[in-house]
Amino acid sequence: MALIELREVQRVYELGDHPVYALRKVSLDIDRGEFVALIGPSGSGKSTLMNTLGCLDRPSSGSYRLDGEEIATMSRDERAKIRNRQLGFVFQNFNLLNRTSAVENVELPLLYRRGLSSKERRGIAVEMLRKVGLGDRLYHHSSQLSGGQQQRVAIARALATSPSILMGDEPTGNLDSKTSREVIALFRELNEQQGITVILVTHDPTVAKNANRMIVLRDGSVVADTSDFQVAMRELHQEPAE
Amino acid sequence: MTIWDTFRVAIRALRKNKMRAGLTVLGVVIGIAAVTTMVSIGQSASALVQNQFMALGTNVIVVFPESQQRGGVRQSLTVTLTAADSREIANQCDAVLASTPLVGAQGQLIYGNTNWNANELSGVGADYLLVRNWAMAAGDFFTEDDIKSGAKVCVIGHTVVTKLFQTANPIDQVIRVKNVPFRVVGVLEKKGVDMVGNDRDNIVLMPYTTVRKRLQGSSFDNVNAILVSAVSPTRMNEATKQIDQLLFERHRIEPGKSKDFRVQDTTEIAQTFGIVTGVLTLMLSAIAGISLLVGGVGIMNIMLVSVTERTKEIGIRMAIGASGRDILNQFLVEAIVLSLIGGAIGVTLGTTASVGATLLINYFNPGQDWPIVISVQAAVIALLFAGGVGVFFGYYPARRASRMDPIEALRYE
């Protein structure tokens with residue numbers, strides 16, 4: 001059984017009288033330990049797919065099983081619980097709480113999990129920050145950290161609940177090329193050494209190149225699902241057949 | 001998320017915006033302070049009324065004669081209450097401390113070439129002081145022997161002393177009432193004016209036997225009223241029932257027939273006054289409550305602004321696993337903490353203000369002593385009310401926060 005099983009997933013937005021298909025019948029499996037890049041031009045539905053995989057959104061129809069559990073029929077609060085247990089998010093603009101120290105940011109997801117004392121939470125947060133190389137910046141506020149450091153804090157926060165999947169929505173979009181490489185290296189390391197499944201949304205080929213598998217989307221459909229970077233790039237740049 | 005964690009998160013969020021939190025709290029502070037002040041002053045007003053009734057004589061019960069219906073004819077006042085009734089009430093009712101007959105009289109007081117009209121000229125028994133909770137300033141009260149012999153002695157109040165004797169010592173002087181000479185044997189302690197403004201020291205007391213025989217020329221034993229005091233305020237009802245029962249038997253009233261006496265205790269009157277002040281207090285509190293309402297709306301307003309402003313934070317928290325309930329609790333607890341802080345400050349301010357107001361009233365009105373009432377009950381109720389305001393006005397913004405779509409919230413800039 002694959003970690004992620006999408007079957008005929010559709011996402012339709014009702015805009016006025018016209019239904020807009022953000023996703024059209026997407027079916028795919030992702031196994032534990034994969035490093036997947038979702039690529040596609042803007043408006044291709046990759047963000048919608050990401051939100052669906054991340055249990056932030058619910059498919060309009062179809063089935064999504066995550067670790068054997070059906071997400072499509074879950075309530076908001078049940079999905080919140082799944083996000084807390086199974087998923088870690090890293091966003092383009094970091095999304096750290098401002099005026100809050102790094103360690104408190106990392107503790108945040110643990111706050112929504114039962115049965116942890118504040119001491120245990122602090123312990124885990126410090127460990128995670130050390131792991132991403134910020135052991136000496138525990139009490140710095142986000143405004144006192146560089147972009148790369150902020151993204152590391154965000155990664156530490158995503159890892160705090162030891163999720164099975166780490167999701168990145170353009171995680172290097174706001175970083176310069178050097179820090180981008182460092183952050184991607186961190187993702188690779190987590191994937192290879194700890195077996196965490198990584199799913200990244202990106203339009204940056206140099207980021208996508210690091211993935212073992214590339215899923216190309218266009219107009220809400222998967223047009224290529226390949227481990228060959230060249231094939232993926234060719235599909236990405238092909239003009240839509242009229 | 002545990003309550004304690006939620007509470008800490010709320011405190012931290014409020015501390016990030018101290019100025020705003022302070023101003024929001026101000027509305028509740030004013031509301032709660034106004035309510036507390038009004039209730040405290042109202043309570044001290046009713047306590048004042050009660051005290052005055054107490055001073056009337058601790059726990060006095062008055063027994064009046066009542067006309068009785070016989071064979072369809074309602075007769076005028078007859079010989080119903082007697083001094084013997086008074087004695088038996090004191091002897092047989094164990095909730096009764098003391099009892100005295102009361103006979104009213106009229107007449108001008110003459111001493112030498114001065115004369116004076118007393119408010120009250122009464123014939124009473126030897127236990128009068130005990131019943132009325134009064135004491136002597138000089139001399140002695142007349143005794144049981146004086147009453148038996150119908151001695152021509154009297155005890156006078158402070159006002160009578162100043163009007164008739166000026167600076168002279170009144171003891172053993174003789175004053176005349178309706179040409180009957182009475183020797184002054186004692187002076188009552190000064191008691192001041194009652195609530196209605198009557199001078200309670202303008203009084204002359206004589207043995208009731210003397211009044212009946214010498215001033216009214218009657219040979220009957222009947223009296224105008226019997227004053228009774230209960231052992232303690234808590235046993236007033238018991239005493240009233242016992243007196244009723246006793247007189248019912250002594251006067252051989254057949255069941256179903258109307259009684260020829262009426263037992264009235266002053267707490268009833270005090271209670272009526274208490275209701276009046278209670279209604280006033282309630283009205284003032286209601287007005288003060290409106291300001292609390294305004295304070296609550298202020299909290300709602302700020303919480304709504306805060307929810308909008310922190311949309312992104314809400315999105316982040318939801319993305320990493322906060323349930324709707326967690327978000328709802330977070331904002332609700334913030335509102336409650338705000339209003340509880342306001343409540344605590346308000347109660348402190350209000351109590352201080354009411355104590356200050358009472359002191360001022362007493363300073364400018366030396367005659368009346370308004371008691372200082374600090375009501376723990378009112379403070380607790382005010383705090384609970386503040387908490388209620390927080391829940392009521394915080395719920396809508398909190399619910400709005402909890403219903404946000406995490407994707408939309410994350411995208412919010």
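Since we're looking at a predicted model, the values are computed, not measured. First the proteins, then the strands, lettered A, B, ... as listed; each starts at 1.
Interface remark: of the candidates B:R8, B:R310, B:R317, B:E313, B:R317 forms the most heavy-atom pairs closer than 4.5 Å to chain A. Interface check for chain B: of the options A:A80, A:A160, A:A158, A:P163, the most heavy-atom pairs under 4.5 Å are formed by A:A80. In terms of non-hydrogen atom pairs under 4.5 Å with chain B, the most contact-rich of A:L56, A:N95, A:N98 is A:N95. Of the listed residues (A:N84, A:T100, A:N93, A:L96), the greatest number of heavy-atom pairs within a distance under 4.5 Å of chain B belongs to A:N84.
For CZ of B:F385, the number of neighbouring non-hydrogen atoms (other residues, nucleotides, ligands) closer than 6.0 Å is 12 at most. Around atom NE2 of A:H203, no more than 12 heavy atoms belonging to other residues, nucleotides or ligands sit under 6.0 Å away.
One distance of note links CD of A:E104 with CG of A:L138; it measures 11.5 Å at 0.5 Å rounding.
Within the 4.5 angstrom heavy-atom criterion, only side-chain atoms of B:R12, from C-beta onward, approach chain A. Using a 4.5 Å cut-off between heavy atoms, A:R85 does not touch chain B at all. For a residue to count as touching a neighbouring chain, one of its non-hydrogen atoms must lie under 4.5 Å from one of that chain's; by this rule B:K16 touches chain A with backbone and side chain alike. Heavy atoms closer than 4.5 Å to chain A are found nowhere in B:R15, neither backbone nor side chain. For A:R99, the parts lying near chain B are the backbone and the side chain together; criterion is any non-hydrogen pair under 4.5 Å.
Applying the ring pair (Phe, Tyr, Trp, His ring centres under 6.0 Å) rule to B:F393 yields no partners; only residues at least two apart in sequence or on another chain are considered.
Smallest separation of non-hydrogen atoms from A:A22 and A:T48: CB-OG1, 3.7 Å. In this structure, A:S63 and A:E70 approach most closely via the heavy-atom pair OG-OE1, 2.8 Å. In this structure, A:K46 and A:I39 approach most closely via the heavy-atom pair CD-C, 4.0 Å.
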For side chain to side chain contact (heavy atoms under 4.5 Å, CB included), just list the numbers for A:S221 and A:L217, CA-CA rounded to whole Å, side-chain angles, deciding distance to a tenth of an Å, and then say yes or no. CA-CA 5 Å; A:S221 301; A:L217 284 126; over 6 Å; no
CA sep, side-chain torsions, deciding dist, call: A:Y64, A:R58, side-chain hydrogen bond (donor to acceptor under 3.5 Å, both in side chains): CA-CA 9 Å; A:Y64 169 26; A:R58 198 158 57 162; over 6 Å; no
Could you go through the side chain to side chain contact (heavy atoms under 4.5 Å, CB included) check for A:F35 and A:L200 one step at a time? CA-CA 8 Å; A:F35 194 128; A:L200 299 182; 3.7 Å; yes
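Using modelled atom types, one finds no donor on one side chain facing an acceptor on the other under 3.5 Å when comparing A:T197 with A:E34. Under the 3.5 Å distance criterion, with hydrogens and angles disregarded, a donor-acceptor pair is assigned to the side chains of A:R11 and A:S60.
Taking the charged nitrogens against the carboxylate oxygens, B:R20 and B:E309 do have a contact shorter than 4.0 Å, which makes a salt bridge. A:R24 has no carboxylate O lying under 4.0 Å from a charged side-chain N of A:D219, or vice versa, which leaves the two without a salt bridge. Between A:R121 and B:D5, at least one side-chain nitrogen of the basic residue sits less than 4.0 Å from a carboxylate oxygen of the acidic one, meeting the salt-bridge criterion. Remark: A:E69 does not engage A:R65 in a salt bridge, criterion side-chain N to carboxylate O under 4.0 Å.
Of all residues in residues 320-340 of chain B, those placing a non-hydrogen atom less than 4.5 angstrom from a non-hydrogen atom of chain A are B:I320, B:G321, B:A322, B:S323, B:G324, B:R325, B:D326, B:Q330. Residue-level contacts of residues 293-306 of chain B with chain A do not occur; threshold 4.5 Å between heavy atoms. Inspection of non-hydrogen atoms places no residue of residues 24-31 of chain B under 4.5 Å from chain A.
Evaluated for a side chain to side chain contact (heavy atoms under 4.5 Å, CB included) with A:I165, the options A:D67, A:L87, A:L53, A:V36 yield exactly one hit, A:L87.
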